[in-house]
Amino acid sequence: GEWEQFKIHSSSEASGPTPQLVRSLPEIISSLLLTVAGKLSIESAHFPGIFLRLDGTGLSPAHKPPNGGGVVNCQQGASEWEKFRLVQLEGNVTTIESVQFPGVYIRMDGSSVKSKQLNGGGVVNAQVGAQVWEKFKLHPSGEGKVTIESAQFPGVFLRMDGGNVPRGGSGGGVVNCQWGAGEWEQFKIHSSSEASGPTPQLVRSLPEIISSLLLTVAGKLSIESAHFPGIFL
């Protein structure tokens, strides 16, 4: 319940007996995601082995459609078109840039998604550059999973239907939006080994990433009650 909710902070060593709280857990997660491997793949938690795919063919600074373009869908396994760079901005906001198509970002139009829809809604595609519709917030949801929420449309989450996705070719399935986060809005983020060739070996999952950073950021952590701000374990 509410009284069992906590916030974890790393503490400044220079602040004496009462440590200054300098970083929250979301900031810690975002920071490490940027430093682990450079290339990340985003796997559906509900459809194991199915990954987010971006085809940015035809998009360029000279061809930047106002409503986005390209194709964002699903693929079995993670090759170059299923690799991304997550770039942290202010306020725990993150952009998701294609590795295969530098400068091309995941775009979400959730303007029509006002309530939960059986098959999702809205539009997820690609755009050159990152403006407001290309910004997201990542939320840990337990068991190594995260949800990906639109920063422009709060409460609207990335959704993946990875059923019946053929291997190779132009991918398949459906990537769109959903109001709130259920099973199809859960993802696992993996860093990719640069030395493993065209099909990278997934070497670290998000829980490992988080654990590593928690051990290295400051050494000391404090646990604050979410229900009683300023009260610590």
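One-based numbering along the sequence shown. What's counted below: heavy atoms across the whole structure, side chains too, no hydrogens, waters or symmetry copies.
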Let me see the working for Phe187 and Ile148 under side-chain contact (heavy atoms from CB on, under 4.5 Å), right down to the final yes or no.
CA-CA 8 Å; Phe187 299 91; Ile148 302 174; 4.1 Å; yes
List the steps and the verdict of side-chain contact (heavy atoms from CB on, under 4.5 Å) for Val174 and Trp184.
CA-CA 11 Å; Val174 175; Trp184 290 21; over 6 Å; no
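Distance check, rounded to the nearest 0.5 Å: CD of Glu82 to CG of Asp55 gives 10.0 Å. With values rounded to the nearest 0.5 angstrom, Ser41 atom OG is found 12.5 Å from Gln75 atom CD. A distance of 14.5 Å separates NZ in Lys188 from CD1 in Ile42, rounded to the nearest 0.5 Å. One finds the CD1 atom of Ile50 at 10.0 Å from the CG atom of Asp161 (value rounded to the nearest 0.5 Å).
Annotation for Cys74 and Gly162: closest pair SG-CA, 4.3 Å, computed over non-hydrogen atoms. Minimum heavy-atom separation, Pro166 to Gly171: CG-O, 4.0 Å. The heavy-atom pair separating Cys177 from Gly110 by the smallest distance is SG-CA, 4.3 Å. The heavy-atom pair separating Leu59 from Gln127 by the smallest distance is CD1-N, 4.3 Å. Heavy-atom minimum distance, His46 versus Pro48: O-CD, 3.3 Å. Considering all non-hydrogen atoms of both residues, Pro140 and Leu138 come closest at CD-O, 3.9 Å.
Sorted by first and then second residue, the side chain to side chain donor-acceptor pair (under 3.5 Å) pairs involving residues 169-182 (not counting sequence neighbours) are Arg159-Asn176. Screening residues 133-142 for side chain to side chain donor-acceptor pair (under 3.5 Å), with sequence neighbours left out, gives His139-Glu149, Ser141-Gln186.
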Residues 97-108 side chain polar contacts: donor-acceptor under 3.5 Å, at least two apart:
residue: Glu97; atom: OE2; partner: Gly103; partner atom: N; Å: 2.7
residue: Ser98; atom: OG; partner: Gln100; partner atom: N; Å: 3.2
residue: Ser98; atom: OG; partner: Phe101; partner atom: N; Å: 2.9
residue: Arg107; atom: NH1; partner: Asn67; partner atom: O; Å: 3.0
residue: Arg107; atom: NH1; partner: Asn125; partner atom: OD1; Å: 3.0

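A heavy-atom distance below 4.5 Å is not found between the side chains of Leu54 and Ile96.
A single hydrophobic cluster is seen to contain both Phe136 and Val146, as judged by linkage of ILVMFWY side chains at heavy-atom distances under 4.5 Å, directly or through other members. By the criterion of side-chain heavy atoms lying less than 4.5 angstrom apart, applied directly or through intervening Ile, Leu, Val, Met, Phe, Trp or Tyr residues, Leu158 is grouped together with Ile189 in one hydrophobic cluster. One hydrophobic cluster holds both Val156 and Val124 under the rule that ILVMFWY side chains link at heavy-atom gaps under 4.5 Å. Linking Ile, Leu, Val, Met, Phe, Trp and Tyr whenever their side-chain heavy atoms come within less than 4.5 Å puts Val132 and Val128 in one cluster.
Put simply, the side chain of Lys114 gets close to the backbone of Ser111: a donor and an acceptor are under 3.5 Å apart.
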